[in-house]
**Student:** 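Shown below is the structure under consideration.
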Amino acid sequence: MQRGSSERELAARWEAEAVAVTKALAAAEQVRVDSGAAGEPERKTPEEQPKDPAPAQPRAAEEGDARVVPRPPPTLPLAKPQAARARGLCPHGKPRSKGRGGRRSSGRAADEYHSQRPVTVDSSKAKTSLDALKISIRQLKWKEFPFGRRLPCDIYWHGVSFHDNDIFSGQVNKFPGMTEMVRKITLSRAVRIMQNLFPEEYNFYPRSWILPDEFQLFVAQVRMVKDGDPSWKPTFIVKPDGGCQGDGIYLVKDPSDIRLAGTLQSRPAVVQEYICKPLLIDKLKFDIRLYVLLKSLDPLEIYIAKDGLSRFCTEPYQEPNPKNLHHIFMHLTNYSLNIHSGNFVHSDSTSTGSKRTFSSILCRLSSKGVDIKKVWSDIISLVIKTVIALTPELKVFYQSDIPAGRPGPTCFQILGFDILLMKNLKPILLEVNANPSMRIEHEQELSPGVFENVPSLVDEEVKVAVIRDTLRLMDPLKKKRENQNCKLSSSSLSMAAVDILYIDITRRWNSMTLDQRDSGMCLQAFVEAFFYLAQRKFKTLPLHEQVASLIDLCEYHLSLLDEKRLVCGRSGPAGVRPLDSGSPPDSTPSAPPVEGHPPSCTNSAPKAAHSGHALS
Ligand code: ADP
């Protein structure tokens, strides 16, 4: 996709999810197809950068690296899972850069410059994602700085962690604390808190215990269930904390088989119920790697890539029994393990072989009559709920690393979700990867003993799209460009026409209602006017996107008004100075339908507008 191609294309690849976590989590989900407009970063000149950079932090591992250096958990008390708001639902929606001390670029000349210059990306720390990143930047016609840059860049692409570099502005593709949060033990703990609160909602994660701490509890609970149901013959999987690529994983039938001696003390682990009845394709077990973009923590914005990878075992599956427990090619789907099997099939096609696109699996299931919309929506809700479980602690990390009011970047991150489909098609979360491999080549044995890295078609197809669309969603100049064009009045719709529309619709609706005590527009009239304006303003989009785009536009202008009021409040009438934020605040001719209503009115629209999203 080229830069400037339609939002529809982008939305077709990503499912945008905005979630309201309410007390009754069950009712929390609000599916949202986002217009993809990114927040506006606050830029700093090099002189504004603090002289004392933050101390270097231990580095975390990229998927495939040997080991992760653990970092102590945050010391602040855990925040309660609060209401996460869809961007469209938060009051005046301008939360991302709050508290930052950066100065905005000012003046028309600067705006013109912003509208023309390419987005700059520092790829000097991209590591193994470099190849896919390069292709994406080229496709977008952005500017790459492979060796870094003296001046700040718009986007910093880190291969490993937030702390790869000291950054004080722009956007960085890692959240502080994410690597720690998705380690096996931390993830299990975070999900368990939610399982205790909302057992029904969080039944997508296998029952887990943390070793060695909970070994006695594990033994006692297993015994209790067995006593109650002697026919229960469970299998458990032991996974070392911080491990990856199947490293150190093994299966047991009984707690007494766990290798407690020595290793667990030095290397804690999670022991988990083993899912014995996975969905099989061609008699083989497989899992799904889905890419999820966490675009913002507050408000919570999650995008799920439409396509992912399916990684296949290389030995036909049998339910675990004492004889096959150690058959890793039968039970573990890791690519890094199965590639060493003689049965591994490299394929040029995305729908055959040992690594395929997830979409090809869905096609195949669909052709067999499976309701793949249901499968997708279950996966989406698994992803959202998992991110919700991680969010409180992530916010603590965020606030301690990038305190409000201090210079710092905004963050986003691509996460790799590993999911197993059970035979009954229920998705089960296996793990979350903070640094999913973005390699687009693989090792191939050309002749016995001779290996070469060759491009992997399936990896390239999926991963380049994920990176490129992530960049597009994070495009810092996009909002500016959009706002330059985003004035409701245009040659085809004058301000007078907007006024007439307002009067017409108000009169018509008021004449229909019996109760005429309220003056102004009733809600239905407001919705009609809003939809009409959205259709006029964003002609080519489907209706739900038109409405979402207009909401974004209105929120943007309302946030400018807010800022203006803030400045007025702070500096008093004498000290008022104009805020320079891209487009003039009073170019909000859409004001009648929107400004005339309290935030709750503006807020009611997105719920309806965002509920329609195309899953296929
Ligand atoms: P790693 O980070 O080492 O890859 P995972 O948690 O992803 O660890 O587990 C490795 C593999 O083991 C998975 O890809 C999956 O095939 C299998 N596996 C993990 N947990 C379970 C489980 N609870 N039930 C069935 N299979 C599992």
Side-chain angles (χ1 to χ4, degrees), residues 60-68 179-188 191-192 195 202-211 218 222 233-253 258 267-281 284-290 308-321 324-341 344 354-356 358 361 382 386 415-424 426-437:
E62 207 167 350
E63 193 177 35
D65 273 13
R67 197 109 343 270
V68 182
T179 312
E180 290 80 354
M181 279 313 300
V182 299
R183 285 169 69 96
K184 291 182 172 61
I185 287 184
T186 338
L187 176 73
S188 291
V191 175
R192 192 192 299 170
Q195 283 179 324
Y202 279 83
N203 62 7
F204 56 80
Y205 190 69
R207 207 158 1 149
S208 306
W209 297 263
I210 290 153
L211 301 179
F218 168 55
V222 170
K233 300 267 180 282
T235 303
F236 302 97
I237 182 165
V238 184
K239 310 196 239 182
D241 188 39
C244 56
Q245 303 189 326
D247 177 31
I249 291 182
Y250 60 95
L251 307 188
V252 293
K253 290 296 279 180
I258 288 180
R267 200 176 176 192
V270 166
V271 59
Q272 202 169 68
E273 260 183 275
Y274 185 76
I275 306 298
C276 293
K277 295 187 189 302
L279 180 71
L280 305 181
I281 286 190
L284 299 170
K285 177 176 172 179
F286 67 97
D287 77 353
I288 307 159
R289 159 61 58 88
L290 271 191
L309 297 170
S310 293
R311 289 118 11 136
F312 279 73
C313 278
T314 43
E315 185 181 333
Y317 185 78
Q318 291 167 6
E319 285 195 30
N321 63 52
N324 70 28
L325 280 187
H326 59 282
H327 288 213
I328 55 170
F329 298 146
M330 176 187 289
H331 292 294
L332 306 188
T333 49
N334 300 77
Y335 165 79
S336 51
L337 297 175
N338 283 281
I339 186 118
H340 298 297
S341 151
F344 192 93
S354 299
K355 198 195 264 188
R356 312 180 194 175
F358 179 46
I361 304 290
L382 172 156
T386 306
L415 301 169
F417 272 65
D418 290 349
I419 293 167
L420 190 71
L421 283 182
M422 287 173 57
K423 201 172 177 181
N424 63 5
K426 180 181 165 58
I428 297 291
L429 175 69
L430 297 179
E431 73 159 349
V432 180
N433 211 298
N435 297 306
S437 164

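Whatever order the structure lists ligands and atoms in, that order sets their numbers, starting from 1.
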**Student:** So does Ile185 get a backbone contact from the side chain of Asp241, meaning a donor-acceptor N/O pair under 3.5 Å?
**Tutor:**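 Yes; at least one donor-acceptor contact below 3.5 Å.
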**Student:** Report all N/O contacts between ligand 1 and the protein shorter than 3.5 Å as a table of atom names and distances to 0.1 Å; if there are none, say 'none'.
**Tutor:**
| unit_1 | atom_1 | unit_2 | atom_2 | d |
| --- | --- | --- | --- | --- |
| ligand 1 | 2 (O) | Lys184 | NZ | 2.8 |
| ligand 1 | 2 (O) | Glu431 | OE1 | 3.2 |
| ligand 1 | 2 (O) | Glu431 | OE2 | 2.6 |
| ligand 1 | 3 (O) | Gln245 | N | 3.3 |
| ligand 1 | 3 (O) | Gly246 | N | 2.7 |
| ligand 1 | 4 (O) | Gly246 | N | 3.4 |
| ligand 1 | 4 (O) | Asn334 | ND2 | 2.7 |
| ligand 1 | 6 (O) | Lys239 | NZ | 2.7 |
| ligand 1 | 7 (O) | Glu431 | OE2 | 3.3 |
| ligand 1 | 14 (O) | Asp287 | OD2 | 3.3 |
| ligand 1 | 14 (O) | Thr333 | OG1 | 2.7 |
| ligand 1 | 16 (O) | Thr333 | N | 3.0 |
| ligand 1 | 16 (O) | Thr333 | OG1 | 2.6 |
| ligand 1 | 20 (N) | Lys239 | NZ | 3.0 |
| ligand 1 | 23 (N) | Gln272 | OE1 | 3.0 |
| ligand 1 | 23 (N) | Glu273 | O | 3.0 |
| ligand 1 | 24 (N) | Ile275 | N | 2.9 |
| ligand 1 | 26 (N) | Lys285 | NZ | 2.9 |

**Student:** Can a donor-acceptor pair be found, under 3.5 Å and without considering hydrogens, that links the side chain of Asp418 to the backbone of Leu430?
**Tutor:**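 No; zero donor-acceptor contacts below 3.5 Å.
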**Student:** Under the rule for side chain to side chain contact (heavy atoms under 4.5 Å, CB included), what residues qualify as partners of Gln318, not counting sequence neighbours?
**Tutor:** Asn321, Asn324, Met330
**Student:** Taking all atoms of both residues into account, what is the closest heavy-atom pair of Pro320 and Cys276, and its distance?
**Tutor:** CG-SG, 3.8 Å
**Student:** Just jot down the salt bridge (charged side-chain N to carboxylate O under 4.0 Å, His left out) partners of Lys285, sequence neighbours excluded, or say none.
**Tutor:**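 Partners of Lys285 by the salt bridge (charged side-chain N to carboxylate O under 4.0 Å, His left out) criterion come out as none, since no residue qualifies.
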**Student:** Can you name the side chain to side chain contact (heavy atoms under 4.5 Å, CB included) partners of Pro206, sequence neighbours left out?
**Tutor:**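 Once residues adjacent in sequence are excluded, the partners of Pro206 under the side chain to side chain contact (heavy atoms under 4.5 Å, CB included) criterion are Gln272, Glu273, Ile275, Ile428.
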